[in-house]
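The structure displayed is predicted, hence computed values, not measured ones. Residue numbering restarts at 1 for every chain, and letters A, B, ... go by the order of the sequence lines.
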Number of protein chains: 2
Amino acid sequence: MPASTKLGTGRRGELLTLACHLFAERGFQATTVRDIAEAAGILSGSLYHHFDSKETMVDEIIRTFQDELFTEYDAIMAMDLGPREKLAAVIATSFEAIHNHRDAVAIYQHESKYLQQFERFSYLIERNKQYRDILMSLLAEGVSAEVFREDLDVEITYRFIRDSVWVAVGWYHPERGLAASEIAERYLGIVLDGISRK
Amino acid sequence: MPASTKLGTGRRGELLTLACHLFAERGFQATTVRDIAEAAGILSGSLYHHFDSKETMVDEIIRTFQDELFTEYDAIMAMDLGPREKLAAVIATSFEAIHNHRDAVAIYQHESKYLQQFERFSYLIERNKQYRDILMSLLAEGVSAEVFREDLDVEITYRFIRDSVWVAVGWYHPERGLAASEIAERYLGIVLDGISRK
DNA sequence: GTCTATACGGCGATAGAC
DNA sequence: GTCTATCGCCGTATAGAC
């Protein structure tokens, strides 16, 4: 499946996909409405027939992506698995999201801090909390269940996993390398067992 | 030592420190020369008595920081230590850089990709190569010396360490938590031995 | 659904007075 | 070393014709 396919159908969806690609590549602020219009072969004024503003575009892109992603996380959390297996599934799902929605992940990764300052994007803060709850609860549960080290710093480990997974969007390009599932597996190998020889 | 202290003395250094802070907080593009001037209590035109352009400012900030950082890396690589100890020292030095030069690290972290497109900042690409050489050689040496796992994916591990160390600038604030050396130690605990209970 | 034309503001940068 | 004043450009967004 190509990246970023679910941004709606028709002309609106097409324009959103183009915008998504440009936002991911150049950054939200650095991408002008004229850039987006040019990529679509129209003039900037015509964009406003489809969207209220540039902010509306990025809003819709991020919302669509996050709604799908967290639906998948919820499904994993509802499964009858141990914390180690759930953590593995969450991480695998994250790498698959990078695979399937690379542009949207990149936008979220790079523009989230900037966009959070606007009321309109307050849901980004909610989603951050939700993601934090997922990872922290899995880590804590894993420590209790004695599958993770008893001296694990849950807070630092959470941040460490969160950051190191999502920044992979900066270098992971499935078409020129490993599949998402293989990357996830190797990543898990490091996080779970470390790089030291036993 | 407070963050970002070595940006020169006198008025020029003061202005650079202010700019450094704003660039780190709001981003390079989102920070206007008027913002910087206002923070300094002067008008935007007056800035041009000290600097050619906004680009000159960020250039000087990044160069100063990187020159110091890589001097430290070079010193570590020249020491008579094994790969595991050198890796530990490189990582500890990186966390100390986040501690001592948080703003400069944030700027490098967030603006590097954007700035690299200008010839003026081609040294950023050189520095990336240099950093990659340091980590990759340590990892490869560690595998040969049988201190790291023989099946280690050196390329992925390099990216993983690079990314996860530097993104810590987004959340690590020494004044409200652990010292840099303690963070480095816990980080190393995860990377070297993983989170699984043995 | 797109174009023409344009408003309006903020941007980086400059020249010369003080 | 700073201020006054301003230039020229480009940003988002709008109104109305086609």
Side-chain angles (χ1 to χ4, degrees), chain A residues 7-63 107 110-121, chain B residues 7-63 107 110-121:
Chain A
L7 287 167
T9 50
R11 190 62 171 141
R12 185 187 171 85
E14 269 177 50
L15 294 170
L16 222 38
T17 304
L18 286 170
C20 185
H21 191 62
L22 288 170
F23 291 156
E25 207 148 80
R26 308 183 189 178
F28 174 70
Q29 298 173 84
T31 303
T32 70
V33 293
R34 292 197 235 263
D35 289 334
I36 301 167
E38 192 190 9
I42 59 178
L43 292 181
S44 65
S46 307
L47 272 181
Y48 290 84
H49 175 71
H50 304 276
F51 305 98
D52 282 359
S53 67
K54 202 173 86 164
E55 273 185 16
T56 301
M57 295 189 215
V58 77
D59 192 347
E60 198 163 326
I61 290 165
I62 296 178
R63 283 195 127 95
I107 292 167
H110 296 126
E111 316 298 342
S112 181
K113 190 194 160 197
Y114 167 73
L115 294 173
Q116 272 179 33
Q117 73 187 297
F118 306 110
E119 271 189 35
R120 155 168 219 166
F121 295 97
Chain B
L7 287 166
T9 51
R11 190 64 171 141
R12 186 186 171 85
E14 269 176 49
L15 295 170
L16 223 38
T17 303
L18 287 170
C20 185
H21 191 62
L22 289 170
F23 290 157
E25 209 148 80
R26 309 182 191 178
F28 174 69
Q29 298 172 85
T31 303
T32 69
V33 293
R34 287 176 170 89
D35 290 334
I36 301 167
E38 192 189 9
I42 59 178
L43 293 181
S44 66
S46 307
L47 273 180
Y48 290 84
H49 175 72
H50 305 275
F51 306 97
D52 282 359
S53 67
K54 202 172 86 164
E55 275 185 14
T56 302
M57 295 187 215
V58 77
D59 192 346
E60 196 163 326
I61 290 165
I62 295 177
R63 283 196 127 95
I107 293 167
H110 297 125
E111 316 298 343
S112 181
K113 190 192 162 200
Y114 167 74
L115 294 172
Q116 272 179 33
Q117 73 187 293
F118 306 110
E119 271 188 35
R120 156 169 217 167
F121 294 96

| said: Can you see if the side chain of A:His49 gets near the phosphate of C:dT2 - specifically, an N or O under 4.0 Å from OP1 or OP2? | reply: no
| task | Respond yes when some side-chain nitrogen or oxygen of A:Arg11 is under 4.0 Å from OP1 or OP2 of C:dT2, and no when none is. | result | yes
Taking C-beta and beyond as the side chain, do [X] and [Y] meet within less than 4.5 Å on heavy atoms?
| X | Y | value |
| --- | --- | --- |
| B:His110 | B:Phe23 | no |
| A:Asp59 | A:Arg120 | yes |
| B:Ile36 | B:Met57 | yes |

Roughly, in whole Å, what's the span from [atom1] in [X] to [atom2] in [N]?
| X | N | atom1 | atom2 | result |
| --- | --- | --- | --- | --- |
| B:Leu22 | C:dC11 | CG | P | 13 Å |
| B:Glu38 | C:dG10 | CD | P | 13 Å |
| B:Leu43 | C:dT14 | CG | C1' | 15 Å |
| B:Ile36 | C:dG10 | CD1 | P | 18 Å |
| B:Leu47 | C:dT14 | CG | P | 13 Å |

Quick one: which protein N/O atoms are closer than 3.5 Å to N/O atoms of nucleotides 11-16 of chain D? Pair and distance per line, please.
from, atom 1, to, atom 2, distance (Å)
D:dG11, N7, A:Arg34, NH2, 2.6
D:dT12, OP1, A:Val33, N, 3.4
D:dT12, OP1, A:Lys54, NZ, 3.1
D:dT12, OP2, A:Val33, N, 2.9
D:dA13, OP2, A:Tyr48, OH, 2.9
D:dA13, OP2, A:Lys54, N, 3.2

| field | Listed nucleotide nearest any side-chain atom of A:His50, set C:dG1, D:dT2, D:dT4 | value | C:dG1
| Of all the choices, D:dT2, D:dT4, C:dC3, which nucleotide is nearest to the side chain of B:Ile42 once you look at every atom? | D:dT2
| task | Using a strict 4.0 Å threshold on nitrogen-to-oxygen distance, state whether A:Glu14 and A:Arg11 make a salt bridge. | result | yes
| request: Quick one: sort the B:Tyr114 and B:Phe28 rings into parallel, tilted or perpendicular, breaks at 30° and 60°. | output: tilted
| message | Rounded at 0.5 Å granularity, tell me how far CD1 in B:Ile107 sits from CG in B:Leu115. | response | 9.5 Å
| task | Begin from the C-alpha positions of B:Glu111 and B:Val58 and carry the test side-chain contact (heavy atoms from CB on, under 4.5 Å) through to its verdict. | result | CA-CA 10 Å; B:Glu111 316 298 343; B:Val58 77; 5.6 Å; no
| request: Convert the base pairs of DNA chain D into dot-bracket notation, remembering that pairs crossing earlier ones are written with [ ] and that bases paired across to another strand are shown as |; include only Watson-Crick or G-U pairs under 3.5 Å. | output: ||||||||||||||||||
| Restricting to pairs with a member in residues 25-42 of chain A, which pass side chain to side chain donor-acceptor pair (under 3.5 Å), not counting sequence neighbours? | A:Arg26-A:Asp35, A:Thr32-A:Asp35
| Stepwise, does the side-chain hydrogen bond (donor to acceptor under 3.5 Å, both in side chains) test hold for B:Ser112 with B:Gln116? | CA-CA 6 Å; B:Ser112 181; B:Gln116 272 179 33; 3.3 Å; yes
